[in-house]
Amino acid sequence: MRILLEALDDDLEAAMSALGVDAALWRKVIGPARERAEGDVALPCFPFAKAVGQSPADIASALAERLGDHPALLEARASNGYLNLVANPAWLLEHVLAPPPRNDADGPLRLIEHTSANPNGPFHVGRARNAILGDTLVRLHRLAGHRVRSEYYVDDMGKQVGVLAWALKHLDEGRVNALLAEREAPDPTWETKADHARVRWYQAAQLLRQEAPEEEQALIEAEIADLVHASEHGDASVLASFEAAYGPVLDGMLETLSRLGITFDAFTKESTFVVDGSVAALMDELEALDIHGVADNGARFLDLGQRGLKGKTDFFYRRADGSSLYATRDLAYHRWKWTQADQLIDVLGEDHRLQAQQVGLTLAELGVEAPEVVFYSFIKLPEGKMSTRRGNVVFMDDLLEEATAQAADLVRGLRPDYDEAEVKAIAEAVAISAVRFNIVRVSPEKGFTFTWEDALSLDGGSAPFAMYAHTRACAIARRLEAAGWAGAEQVVLPRSPAPGLVEILRLLAVHHDVLMQAVEQHRPHLFALHLLDLATAYNAFYRDCPVLDGGVVHDTHAAVSERARQVLHDGLVGVGIVPLEHM
RNA sequence: GGGCGUGUAGCACAGCUGGAUAAUGCACCGGCCUCCUAAGCCGGGGAUCGCGGGUUCGAAUCCUGCCACGUCCGCCA
């Protein structure tokens, strides 16, 4: 509880220095009480017992006595060698009702790159984790008042797009259907969505590359290789044909993301850095490094083993024919990103860990700071890893359809008086909120197995629980408005405040701390889980503290409810939940 | 074989920059709608924190060995 620690800082400093305890030491160990029943802030006194020459219990008692009458504290108590500080709810009430200042308009610009999926097919749930995680990070930074730019790095060259472009040029629908005859039939729901339609061309081409007669295979490979080669040398007409191939696919993918509330501020094409010559310039610089090496065939690499990389240490950045590799372009991209922003954050799948390390080390070699990277583990299916190529996938579009249908059934059962349009609107909001929340609530590095049941879960610890608490606050807000309430004239804590009131005050007091921690450590799940706690606390407040009693407005309760409503609203938006006003 | 990540109740998950009785949800058992939306609230049972050693006043947390799972180890993207 930052605000409490700040209020107590002078007194603590005086008390600790009187004991002869170094400021750095006590500041390091003081923090939120692990045992919430013991208080808001705890100071374990064990670390300095020896230096002070007293038992931890004695130190704690001495401190408790000294701090006991501070206005911000309800109680300072020594217990088991800890000094436990309980915030005074009346003091909290004063500090929690005003929103904290958010004035970072001149602060550093943070560029968050996320998603950046190859535009060759629809999102499956595994790929979407990147987008959901990245977008939540963007939203939380905005909530914290930071300047943010979200960016999608478009892989518009190289083999994958090359294969797609080749397929669209050389195959027709009949051929594609014949090739994919053994596969599951395409879902007519998505017939007109280009990401679903064109991925079949891509799949058909991949099949041909593996199973066509040898001569045909060789021909296809040669044609694709020509395309790829041309794209890697910045050939404008080939790049234009690539764009014509992947553009509609990307649009389809973005349509899916937009349904999830995910949008981008900028799209940067990989080919940009080939065309403008920065990749070539970069390769020249790399060649001048003393860890630079040349393979037998003339390809170039850096020996990153000399910079502490373990395992495979050769990092290739240039082919024998002089063309660049994906990682090389990524280096140029990152260098450019530093000209755009003051902080770089990348969201990457765990399969990119080595690559990210190589890029980081190489950037350091060039005197450029490495980006901060948030890694996430893959979402598997019970049958194994998701793969578009093998047809072992759950498409995000399908998940959203199913989630919406199930949510609609739930709403119809719970609210028989709502009309169908209302049901649909609520179901859509609940569905996308739940799908997002079920992914952001777990720490990114935790791998998990997709199950329909979990992904569609609408109970206890999921989005609707938090949405519902907000809905209750909105219902009260409507009643307050109807009663003509125009803000509290006098806010005072009742003589013996209900547990629910104290609890919501504590949560509100800690809200900003959690947000900052989530943002600074790139761990959105901390904030997501905190939001559930906040909702729980609001429910307790709702239970204990009538805001309108027989038409009479309780000023203090009304003020707290309204503040909680705002915080819940902003928090829900921050994790990508749609803050419905009624549901 | 090597690098990195993960392993916590039946299931899922938090805590991991060392601190008190390991938090929460689902599932299970019991209770609450003359009262601001019961998608809610209250109560109950359930954990050798993967296994073994070590460091420490104190270890789920740090170190070390082992085991299981994931991931990477293209001059692919």
Side-chain angles (χ1 to χ4, degrees), chain A residues 28-29 31 33-38 42-47 49-50 56 79-82 84 118 120 155 157-162 228 270 295-301 309-314 316-321 323 325-327 329-330 349-355 357 375 377-378 380 385 407 410-411 413-415 426 430 438 441-443 445-449 451 453-454 457-469 471-480 500 521 525-526 529 532-533 535-536 539-540 542-550 557-558 561 582-583:
Chain A
K28 190 176 170 227
V29 285
R34 302 268 162 155
E35 296 295 312
R36 279 179 60 194
E38 294 288 355
L43 176 68
C45 296
F46 311 94
K50 235 172 228 167
S79 126
N80 302 327
Y82 292 82
N84 291 316
N118 274 319
N120 60 4
D155 198 344
M157 51 186 293
K159 198 158 276 177
Q160 303 218 22
V161 201
V228 171
E270 189 179 338
D296 293 341
N297 65 357
R300 312 291 164 91
F301 64 92
L309 186 67
K310 292 175 183 170
K312 201 222 166 200
T313 58
D314 289 349
F316 280 87
Y317 64 87
R318 183 178 147 152
R319 293 198 187 88
D321 70 0
S323 64
L325 286 124
Y326 173 81
R329 289 166 233 140
D330 206 27
E350 61 176 339
D351 55 340
H352 280 64
R353 282 191 124 106
L354 173 59
Q355 149 105 35
Q357 210 183 353
F375 293 105
S377 294
F378 292 123
K380 294 177 301 174
K385 191 179 168 179
L410 186 70
V411 180
L414 248 23
R415 309 277 183 260
I426 293 172
V430 164
N438 288 334
R441 56 182 299 216
V442 328
S443 33
E445 66 275 10
K446 192 93 89 182
F448 63 89
T449 301
T451 61
E453 195 189 345
D454 290 342
S457 166
L458 300 177
D459 48 30
S462 70
F465 174 81
M467 296 169 80
Y468 185 66
T471 291
R472 283 176 146 181
C474 287
I476 289 179
R478 285 192 295 272
R479 283 172 179 264
L480 284 172
Q521 301 178 1
H525 71 284
L526 295 179
L529 296 171
L532 294 175
D533 290 342
T536 301
N539 284 331
Y542 184 89
R543 175 197 68 217
D544 290 346
C545 305
V547 173
L548 291 112
D549 212 351
H557 291 168
S561 181
H582 63 103
M583 62 188 281

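Side chains included, hydrogens not; waters and symmetry mates left out as well; all remaining heavy atoms used. In what follows, every chain begins at residue 1, and chains take the letters A, B, ... in the order their sequences are listed.
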Asker: For Watson-Crick and G-U wobble pairs within 3.5 Å on both distances, what is RNA chain B written in dot-bracket notation, | included for inter-strand pairing?
Answerer: (((((((..(((......[....))).(((((.......))))).....(((((..]....))))))))))))....
Asker: Partners of A:K310 by side-chain contact (heavy atoms from CB on, under 4.5 Å), sequence neighbours excluded?
Answerer: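 Counting only residues at least two positions away or on another chain, A:K310 forms no side-chain contact (heavy atoms from CB on, under 4.5 Å).
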Asker: Tell me every residue that passes side-chain contact (heavy atoms from CB on, under 4.5 Å) with A:E38, counting only those two or more places apart in sequence or in another chain.
Answerer: A:E35, A:R77, A:S79, A:N84
Asker: Quick one: list whatever passes side-chain contact (heavy atoms from CB on, under 4.5 Å) with A:S377, sequence neighbours left out.
Answerer: A:R129, A:E350
Asker: Quick one: side-chain contact (heavy atoms from CB on, under 4.5 Å) partners of A:Q521, sequence neighbours excluded?
Answerer: A:Q517, A:R523, A:L526
Asker: Atom OH of A:Y542 to atom P of B:G40: distance rounded to whole Å?
Answerer: 13 Å
Asker: By nearest nucleotide on RNA chain B, pick out whichever of A:A42 and A:R479 is the more 5' one.
Answerer: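 This one resolves to A:A42.
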Asker: Among residues at least two apart in sequence or on other chains, which ones pass ring-ring contact (aromatic ring centres under 6.0 Å, His included) with A:F301?
Answerer: A:F316
Asker: Within the sub-3.5 Å range, which N or O atoms of nucleotides 56-60 of chain B have a protein N or O partner, and how far apart are they?
Answerer:
none

Asker: Which heavy-atom pair separates A:P44 from A:P47 by the least distance, and what is that distance?
Answerer: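 It is O-CD, 3.4 Å.
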Asker: Mind listing the N/O atom pairs, protein and nucleotides 62-65 of chain B, below 3.5 Å?
Answerer:
none

Asker: Output one letter per nucleotide in nucleotides 7-14 of chain B: B when a protein non-hydrogen atom lies under 4.0 Å from the base, S when only the sugar-phosphate is that close, - when neither is.
Answerer: S-----SS
Asker: Quick test: give all pairs of protein nitrogen or oxygen and nucleotides 41-44 of chain B nitrogen or oxygen below 3.5 Å, distance rounded to 0.1 Å.
Answerer:
| unit_1 | atom_1 | unit_2 | atom_2 | d |
| --- | --- | --- | --- | --- |
| B:C41 | OP1 | A:N539 | ND2 | 3.3 |
| B:C41 | O3' | A:R543 | NH1 | 2.8 |
| B:C42 | OP1 | A:R543 | NH1 | 2.9 |

Asker: Which way is the base of B:G74 turned, syn or anti, if we draw the line at 90° from 0?
Answerer: syn
Asker: At under 4.0 Å between heavy atoms, how does the protein contact nucleotides 67-77 of chain B? Give one character per nucleotide, 5' to 3', with B, S or -.
Answerer: ---BSSS-BSB
Asker: Round to the nearest Å and state the distance from A:D544 atom CG to B:C36 atom C1'.
Answerer: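 Answer to the nearest Å: 14 Å.
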Asker: So what does A:I426 touch, heavy atoms closer than 4.0 Å: a base, only the sugar-phosphate, or nothing?
Answerer: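 Base contact.
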Asker: Only one of A:L414, A:T471, A:V411 passes side-chain contact (heavy atoms from CB on, under 4.5 Å) with A:I426; say which it is.
Answerer: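 Going through the options one by one, the only one that passes is A:V411.
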Asker: Could I get the full list of ring-ring contact (aromatic ring centres under 6.0 Å, His included) partners for A:F46, not counting sequence neighbours?
Answerer: A:Y82
Asker: What's the shortest heavy-atom distance between A:A535 and A:F465, and which atoms?
Answerer: CB-CE2, 3.6 Å
Asker: Write down the distance between CD (A:E35) and P (B:A20), rounded to a whole number of angstrom.
Answerer: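 In whole Å, B:A20 P and A:E35 CD are 6 Å from each other.
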Asker: If I take atom CG in residue A:L414 and atom P in nucleotide B:C33, what distance separates them, rounded to the nearest angstrom?
Answerer: 19 Å
